[in-house]
Structures are given as C-alpha cells and as structure tokens.
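Notes follow the structure.
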2 protein chains.
Amino acid sequence: MTDPETRYKELVDILQKKGTRLTSHRVALARLLSVSEGHPNASTLYLKLQTQFPTISLATVYKTLALLKENGEVLEIVLQGDSHFDGNKPYSHPHLVCSVCHQIYDADEPLITGLLEKEIEGKYSFKIQRHQIVYYGICQDCQNKTSSDGSDRKGIDSE
Amino acid sequence: MTDPETRYKELVDILQKKGTRLTSHRVALARLLSVSEGHPNASTLYLKLQTQFPTISLATVYKTLALLKENGEVLEIVLQGDSHFDGNKPYSHPHLVCSVCHQIYDADEPLITGLLEKEIEGKYSFKIQRHQIVYYGICQDCQNKTSSDGSDRKGIDSE
DNA sequence: ATGAATGCAAAACATTTGCAGCTCA
DNA sequence: TGAGCTGCAAATGTTTTGCATTCAT
C-alpha cells in the first residue's frame with residue numbers, strides 16, 4: 001500500500017501524537033516494521049535491531065509492539081509457538097502459512113467477506129470486531145521443489 | 001452430529017485399531033471429550049479428569065490429545081495463550097470468540113467456503129490443507145448483559 | 001529535572017521431554 | 001513378560017513483569 005518511507009513517517013507521527021517518547025529504539029523498530037515485507041516475530045525483529053543497537057532488549061521490542069498494537073498500527077498474528085507482526089497492513093486479513101517452509105503469505109480479503117460476516121452476525125447474533133483467518137497448506141515454491149524432481153535435495157538449494 | 005455415546009465408542013475404537021493401548025486414562029479422556037460441548041483447554045480437561053483419576057498427569061493429557069490429533073480425531077484451536085480442543089467436530093470450521101466472556105462458539109462453515117478456497121488456491125497457487133478461522137467480537141449474551149441496563153453489575157449474575 | 005522508557009534478570013505461563021517404574025495386551 | 005504408557009520433575013520457549021537506571025522532553 002503505502003511505501004516504506006511514508007509508512008515509517010506515519011508510525012513515528014502516531015507515536016508522537018500519542019504523547020509517547022520517541023526513543024531511538026522505538027524509531028528503529030518503526031523503521032524496521034515499515035521496511036519488513038514478511039511477518040517477523042519478536043525475536044527476529046530483536047535480532048535485526050541488535051546489529052544497529054547492541055543494547056536493545058527483547059522486552060523493549062515486546063513493549064513497543066504492544067504499544068503500536070494498542071494504537072491499531074500493528075497486526076498480531078497468533079500462531080502455534082509464537083506471534084508474528086505486520087506493521088504495514090495492520091487490519092484483519094487472511095494469511096497463508098506454508099506447512100513446509102513455514103513462510104507466511106498475505107492474502108487479499110475476498111470480496112464476499114462483508115456478506116459472509118453479515119451472515120455470521122445475523123445467524124449467531126455475534127457482533128464481529130475483527131478476525132484471524134489462516135489457511136495452512138503448501139506454497140507454490142514448496143510445491144515446485146518437491147514435485148518435479150522428487151527426493152530431498154539437502155543443501156543444494158537456498159534455505 | 002453424533003451423540004456422545006457413539007462418538008465415545010468411535011474414539012476408543014480408533015485408538016484400539018491404531019494398536020495403541022487402551023489405558024484407563026485414555027478411555028476417560030475419550031469419554032470426557034465426547035461429552036464436552038465447549039472447547040476445553042488441556043488444563044480444564046486435566047482438572048476434570050483429576051476428580052475421577054487423582055493420579056493422572058497433565059503430561060498424559062497432552063500426550064493423549066497429541067495422539068488423537070495425529071489421527072485426525074481432535075481439532076486443536078490455537079489461541080493467544082493456550083490451545084483449545086474439540087473432539088466432536090475434528091475438522092476445520094470457524095469459531096467465534098467473545099472478547100468479553102472469552103467463550104468459544106462453533107460456527108457452521110458457510111456454503112461459499114469451497115468456492116472461496118478455490119479462489120485462494122488459484123490466485124496464490126497455494127494448496128490448502130486446512131484452515132483456522134476465528135472471528136473475535138461480542139457474543140449475544142454479553143451484548144444483552146451490557147446494553148439494556150448499563151453499568152457493571154458485579155456479582156449479580158452468574159459468572 | 002522529572003517522569004516515561006529502558007535493560008536486565010527473574011517470573012510466569014503453556015507445553016514438551018527424559019526417564020524410572022508401572023501396566024495393559 | 002515386555003513394550004508401551006505413565007507420572008514426575010525438569011527443561012523449553014515465548015512473553016511479561018519489577019525495578020533501578022537512563023534519557024527524551
């Protein structure tokens with residue numbers, strides 16, 4: 001949607017307007033989130049930040065993610081084992097999780113989603129606030145890797 | 001779907017046919033799962049079993065749930081904090097989670113689901129194996145409790 | 001300068017694991 | 001009888017918390 005630079009400024013702006021302090025670590029996490037294309041977890045974000053900010057702590061990463069989430073600027077995807085974070089599309093949307101490589105892909109919200117939610121709200125008298133939709137399966141890359149040439153090719157391809 | 005008694009026999013049958021041993025604790029968990037209407041987590045199952053089997057351990061509950069899950073007889077619903085289990089409808093289907101009372105409700109799979117999955121499979125070349133769809137919001141009970149008479153009524157109603 | 005934010009280490013959880021001993025088949 | 005199962009306790013891994021110190025404003 002928005003380019004990383006714009007999104008970065010947006011995130012910093014929001015923190016500023018909320019009256020929270022713009023520490024170097026928060027700014028760095030905002031920048032990292034804005035340029036992240038995947039769906040990193042807290043540890044991954046921490047490790048990446050650590051190269052530039054050797055004193056940053058994992059606790060600060062968690063606290064800053066919580067802060068951004070409270071303000072609706074980060075989407076948390078709760079998976080088995082740990083949570084993953086999206087600071088670029090912080091609204092409910094479906095994800096595809098590959099059972100082989102464990103990569104997480106974004107999916108567009110299908111057009112009928114609105115109708116579907118209306119159906120559920122009517123049928124169960126349930127007021128929907130948000131959703132987490134995850135499809136598990138095999139991604140295109142992993143289908144190609146395992147189908148054509150068979151057998152396992154440890155160490156031949158990139159990880 | 002099936003009544004508890006039938007489902008209980010089914011579960012025991014499956015364990016038997018798989019060649020695993022029918023220990024008293026496994027049989028008890030099978031029975032408990034078959035009569036459970038909600039979506040208990042491991043601790044809840046453990047606590048309920050403990051009243052009849054004081055020596056049962058939480059580890060055994062986890063191991064037995066894993067065994068049943070491997071055989072496709074239990075559905076695990078991964079939520080923030082812990083997993084919940086359904087031994088009666090062990091196939092992917094949507095759930096509604098109330099943000100107020102944290103109750104988990106079953107939803108029927110909408111009829112268009114098949115089409116939706118075909119759309120995703122085509123668009124992303126992703127081979128879907130299963131899904132976990134969770135809608136978060138306010139359930140009917142909690143809407144009624146908080147809307148009409150306003151304010152909080154601690155201790156007046158049942159928990 | 002002062003209160004919010006930080007790093008650290010410890011705590012809090014759910015879940016898993018290793019293993020000696022028990023028990024179902 | 002003996003492999004599979006069990007309970008126990010310890011280990012694991014993620015996330016949270018308490019608190020003295022630091023730092024943005």
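Reminder, nothing fancy here: chain letters follow the sequence lines and each chain counts from 1.
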Can [X] and [Y] be counted as having a side-chain donor-acceptor contact under 3.5 angstrom?
X	Y	result
B:Ser125	A:Gln143	no
A:Asp108	A:His93	no
A:Glu76	A:His39	no

Please determine if B:Arg7 and B:Glu73 form a salt bridge, counting it only when a charged side-chain N lies under 4.0 Å from a carboxylate O.
-> yes
Taking NZ, NE, NH1 and NH2 as the nitrogens, is one of them in A:Asp13 or A:Lys17 under 4.0 Å from a carboxylate oxygen of the other?
-> yes
Ignoring hydrogens and angles, tell me if any N or O in the side chain of [X] forms a donor-acceptor pair with the backbone of [Y] under 3.5 Å.
X	Y	value
B:Glu121	B:Ile128	yes
A:Asp82	A:Asn41	no
A:Thr64	A:Val61	no
A:Asp106	A:Pro94	no

Anything under 3.5 Å between a protein N or O and an N or O of nucleotides 23-25 of chain D, put it in a table, one pair a line.
| residue | atom | partner | partner atom | Å |
| --- | --- | --- | --- | --- |
| D:dA24 | N3 | A:Arg21 | NH1 | 3.4 |
| D:dT25 | OP1 | A:Leu22 | N | 3.1 |

DNA chain C contacts among residues 37-59 of chain A, heavy-atom distance under 4.0 Å | A:Thr55, A:Ile56, A:Ser57, A:Ala59
In whole Å, what is the span from the [atom1] atom of [X] to the [atom2] atom of [N]?
X	N	atom1	atom2	value
B:Leu29	D:dT6	CG	P	10 Å
B:Leu68	D:dC5	CG	P	12 Å
B:Arg26	D:dC5	CZ	C1'	6 Å
A:Lys63	D:dT17	NZ	P	9 Å
B:Tyr62	D:dA10	OH	P	19 Å
B:Leu67	D:dG4	CG	C1'	11 Å

Outermost contacting nts on DNA chain C, any atom under 4.0 Å from chain B heavy atoms, listed 5' then 3', are C:dA14 to C:dA25
Verdict with supporting geometry, A:Gln132 and A:Ser92, side-chain hydrogen bond (donor to acceptor under 3.5 Å, both in side chains) = CA-CA 6 Å; A:Gln132 184 178 297; A:Ser92 295; over 6 Å; no
Walk me through it: do A:His84 and A:Asp86 pass the test side-chain hydrogen bond (donor to acceptor under 3.5 Å, both in side chains)?
-> CA-CA 7 Å; A:His84 294 251; A:Asp86 185 341; over 6 Å; no
Quick one: name the residues clustered hydrophobically with B:Ile138, using the 4.5 Å side-chain heavy-atom rule over I, L, V, M, F, W, Y, and just say none if it's on its own.
-> B:Val100
Using five base pairs at each end, measure the axis-to-axis angle across the helix from C:dA1-D:dT25 to C:dA25-D:dT1 and round it to 10 degrees.
-> 30°
So which pairs with a foot in residues 20-34 of chain A pass side chain to side chain donor-acceptor pair (under 3.5 Å), sequence neighbours left out?
-> A:Glu5-A:Arg31
